[in-house]
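Below is one structure, written out as structure tokens; comments come after it.
What you see is a predicted model, and the numbers here were worked out from it, not measured in a lab.
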Amino acid sequence: MWNAIDTETESPAGRPRARRRATPVRAVTRTEELRLQIADEITSGRLAPGTALEEVEIAKRYGVSRTPVREAIRDLAASGLVEARPHRSALVAHPSSERLRGMFEAMGELESLCAALAAVHMTAAERAGLERLHADLAAAIRSGEEAQCDCLDERFHAAVNAGCHNDYLSELAMTTRIRLRPFLRDKYRGLERLAQSYAEHGRVLTAILRGERTEAGAAMRAHVMTAPVLDTPLGDAPGAPAALPLA
């Protein structure tokens, strides 16, 4: 449902100004709300790849009828997070190794281009924000807060993607990342992986701060393609990992 409100303001001299139409706000339907809730369970890892989505159980858990559940699952299948099966319960998507590798390759290229453009287009404020995120990640690693590390990783990538200042490219990169999120969580299992990811972020950050377009793109591609879920990394990160600031 769309609602709009006409407002009328006055100028400093008291003369009425032209009417300004408020930005319309669309109400979120129960199906959309349910889709977002299930998607969050999938991307957070609470629903693992391969898990069957039983409509009756989900309807009971959320206190709704099966109709919005069925519609939400259909929407999730269209987005790639869920695998629909005729006359059977849908499954949380679990792509084949070949498809998974292809998805990571696509994300690597998209985020590489975002990083390359960010090295050229990021504002001083955006670069400073990226530096703060990197420092926050170091602090979270020192504290052993894996969940916080996961959150900061997402924010770092979102900041780089937004920093390319190309909305369409950024949207493509983030959409692909959302679909791969259930397979990204192993980056934050154990100190060694945390240190490696921190070092890779550092190389991306350094290249962006220096305005080195080619280096930023290469560093981001290498970072994406060292995902633990892949059988073997597609591309090696340049140089040895930098020491993690643990003190």
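- With sequence neighbours left out, Arg155 forms a side-chain hydrogen bond (donor to acceptor under 3.5 Å, both in side chains) with no residue at all.
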Please tabulate, for side-chain N and O atoms in residues 70-77, each donor-acceptor pair with protein atoms closer than 3.5 Å (sequence neighbours left out).
unit_1, atom_1, unit_2, atom_2, d
Arg70, NH2, Glu55, OE1, 3.4
Glu71, OE1, Thr31, OG1, 2.7

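- Screening residues 43-77 for ring pair (Phe, Tyr, Trp, His ring centres under 6.0 Å), with sequence neighbours left out, gives no hits.
- Counting only residues at least two apart or in different chains, salt bridge (Lys or Arg N to Asp or Glu O under 4.0 Å) contacts with residues 159-178 comprise Glu111-Arg177, Asp153-Arg177, Glu154-Arg177.
- Residue pairs meeting the salt bridge (Lys or Arg N to Asp or Glu O under 4.0 Å) criterion with at least one member in residues 205-220, sequence neighbours excluded, do not occur.
- In the hydrophobic clustering, where aliphatic and aromatic side chains (Ile, Leu, Val, Met, Phe, Trp, Tyr) are joined below 4.5 Å either directly or transitively, Ile178 stands alone.
- Annotation: side-chain hydrogen bond (donor to acceptor under 3.5 Å, both in side chains) contacts of His165 (sequence neighbours excluded): Glu126.
- Listed by chain and number, the residues in a side-chain hydrogen bond (donor to acceptor under 3.5 Å, both in side chains) with Ser112 are Arg221 (sequence neighbours excluded).
- Other members of the hydrophobic cluster containing Leu117, listed by chain and number, are Leu110, Leu113, Tyr168, Leu169, Leu172; membership follows side-chain contacts under 4.5 Å among ILVMFWY residues, whether direct or relayed.
- The ring pair (Phe, Tyr, Trp, His ring centres under 6.0 Å) analysis of residues 116-142, with sequence neighbours excluded, yields the pairs His134-Tyr198.
- Residue pairs meeting the salt bridge (Lys or Arg N to Asp or Glu O under 4.0 Å) criterion with at least one member in residues 38-52, sequence neighbours excluded, are Asp40-Arg46, Glu41-Arg61.
- With sequence neighbours excluded, the residues forming a side-chain hydrogen bond (donor to acceptor under 3.5 Å, both in side chains) with Ser89 are Glu54, listed by chain and number.
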